[in-house]
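Here the structure comes first, spelled out in structure tokens, and everything after it is commentary.
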Amino acid sequence: MQEKEKLLRSLDLLTTEDKIPHHCVKFIRDGIYEFRSNYGKTEFRVFFINDGNAIVVLFNAFKKKSQKTPDNEIKKAIRLKEEYYATKRN
């Protein structure tokens with residue numbers, strides 16, 4: 001439960017701050033960014049995109065268990081991004 005609360009507090013940065021600390025965000029590819037949050041030795045990652053200037057759309061989140069971001073998680077985020085934009089067009 002404490003992990004969830006820490007992640008939610010970290011995600012509040014995306015809605016309350018004009019500038020997110022550089023170490024919290026990493027560009028992945030195809031317009032996908034990774035928001036990073038740590039709780040003790042546990043690392044959490046949340047993928048997002050920017051939709052326009054102000055809107056941030058959050059996608060999948062996961063506990064990171066290795067040095068490299070899992071490719072299947074990146075592919076899932078790209079698929080979700082494509083579904084999001086397809087829904088917006090309809």
Side-chain angles (χ1 to χ4, degrees):
M1 189 60 151
Q2 290 178 336
E3 291 177 341
K4 180 180 175 182
E5 291 172 8
K6 165 67 173 167
L7 182 58
L8 290 173
R9 280 195 308 271
S10 296
L11 289 173
D12 279 342
L13 288 172
L14 295 173
T15 58
T16 60
E17 300 297 321
D18 290 334
K19 211 167 197 178
I20 307 299
H22 190 68
H23 67 276
C24 292
V25 176
K26 178 182 177 186
F27 177 75
I28 299 297
R29 69 174 189 239
D30 298 333
I32 303 286
Y33 292 85
E34 177 182 78
F35 180 80
R36 302 166 167 197
S37 180
N38 298 324
Y39 181 78
K41 292 185 178 187
T42 306
E43 296 183 28
F44 296 95
R45 301 296 187 257
V46 179
F47 290 121
F48 69 94
I49 62 169
N50 292 310
D51 184 2
N53 291 331
I55 300 171
V56 175
V57 179
L58 298 173
F59 290 126
N60 49 325
F62 61 97
K63 284 185 181 180
K64 190 169 178 188
K65 298 179 181 177
S66 65
Q67 285 293 96
K68 188 174 182 197
T69 301
D71 198 50
N72 64 321
E73 294 290 347
I74 296 170
K75 288 177 182 176
K76 181 178 177 182
I78 292 169
R79 180 180 48 79
L80 291 168
K81 177 189 84 168
E82 291 167 355
E83 289 174 10
Y84 168 78
Y85 283 121
T87 302
K88 275 188 76 169
R89 285 190 290 271
N90 293 333

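The model shown is predicted, which means the values in this text are computed figures rather than measured ones.
- For the atom pair CD1 of Ile74 and CZ of Phe47, the computed distance is 5.0 Å after rounding to the nearest 0.5 Å.
- In this structure, the side chains of Ile49 and Tyr85 come closer than 4.5 Å at one or more pairs of heavy atoms.
- By the ring pair (Phe, Tyr, Trp, His ring centres under 6.0 Å) test, Phe48 is found to be paired with Tyr33, residues two or more places apart in sequence or in another chain being considered.
- Residues passing the salt bridge (Lys or Arg N to Asp or Glu O under 4.0 Å) test with Lys88 are Asp51, sequence neighbours excluded.
- In this structure, Glu73 CD and Ile32 CD1 are separated by 12.0 Å, a value rounded to the nearest 0.5 Å.
- With sequence neighbours excluded, the residues that form a salt bridge (Lys or Arg N to Asp or Glu O under 4.0 Å) with Glu43 are Arg45.
- Residue Lys81 comes nearest to Asp30 through the heavy atom pair NZ-O, 2.5 Å, listed as atom of the first residue, atom of the second, then distance.
- From Lys75, atom NZ reaches atom CZ of Arg29 across 7.0 Å, with rounding to the nearest 0.5 Å.
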